[in-house]
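Each ligand, and each atom within it, is numbered from 1 in the order the structure gives.
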Amino acid sequence: MAERAGGGGSVKRALISDIHANYAALRAVLADIREQNITEIYCLGDVVGYGPNPCECLDEVIRRCPVTILGNHDQAALFDPDGFNPVALQAVYWTREQLESPNGSPPQINKRWDFLGELPRTHVEGDFLFLHGSPREPTNEYVFPEDVYNQRKMDALFARVDRYCFQGHTHIPGVFTVDHEFLTPDDIGHQYRLGDEQMMINVGSVGQPRDNDPRACYVVIEDSVVTFRRVEYDVDKTAQQIYDIPNLDNMLGDRLRTGR
Ligand SMILES: [Fe+2]
């Protein structure tokens, strides 16, 4: 089965997503990744937005991730977004200010903008498709657990997946089966073996989990086995940073404590 999985399944690899400028969470996840001797990390988008450390998180992702996908919040740092609520929009403008102000040397600042400007919307490797949102609309469309009841939507999404699709965006980790089931990490003992059938897997969020578990979430793939991992980090520290920045709404700190 490892052979079948092609380029994406034989290497031990970490998949992280939706860091949302939460540097404390990112550092904790990178430490957990290092402890498992994983050297290859892919990022499925939303490095920035909502959180207090966009520059630090970008610098780390630029250094560590040979593949990073464009998220809707990364795109919003570049172009004015559609459909963002006022809290998210205010965070976009604040994030832009951070990226424009002299946080680092001029080459470093240019490097961040160039990196954001060149991010791909998808990445394909063997049987593996990596993206932020959905196979139909890679940057913006959400695939929520309750979408399994929308047969037309699920069929349309799976029609665009060769075999395995890895994604983020909802901040809710789990496995979507081609039989229209959603399996939470708890349902599957935090581990899932990729088989012959198609699969969409949401890797969860490093910096703003929304599945009622405040711990940072990411995924490891090795030999076609997908493992969902949770990592504790200093939630209070990030929350306090958010409270200290007037342009980041306090609810963005509050929600980190509950993982919602
Ligand atoms: Fe996100």
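- One N or O on the side chain of Q198 and one on the backbone of F158 form a donor-acceptor pair closer than 3.5 Å.
- Looking only at its N/O/S atoms, D46 has OD2 as the one nearest to the Fe ion (ligand 1).
- Between the NE2 atom of H171 and the NE2 atom of H20, the angle taken at the Fe ion (ligand 1) works out to 90° after rounding to 10°.
- With salt bridges taken as basic N to acidic carboxylate O contacts below 4.0 Å, none links R260 and D254.
- Counting heavy atoms from C-beta on, the side chains of V48 and D74 come closer than 4.5 Å.
- Cation-pi contact between R215 and Y233: absent, since separation from the ring centre below 6.0 Å together with deviation from the ring axis within 45° is not met.
- Looking only at its N/O/S atoms, D18 has OD1 as the one nearest to the Fe ion (ligand 1).
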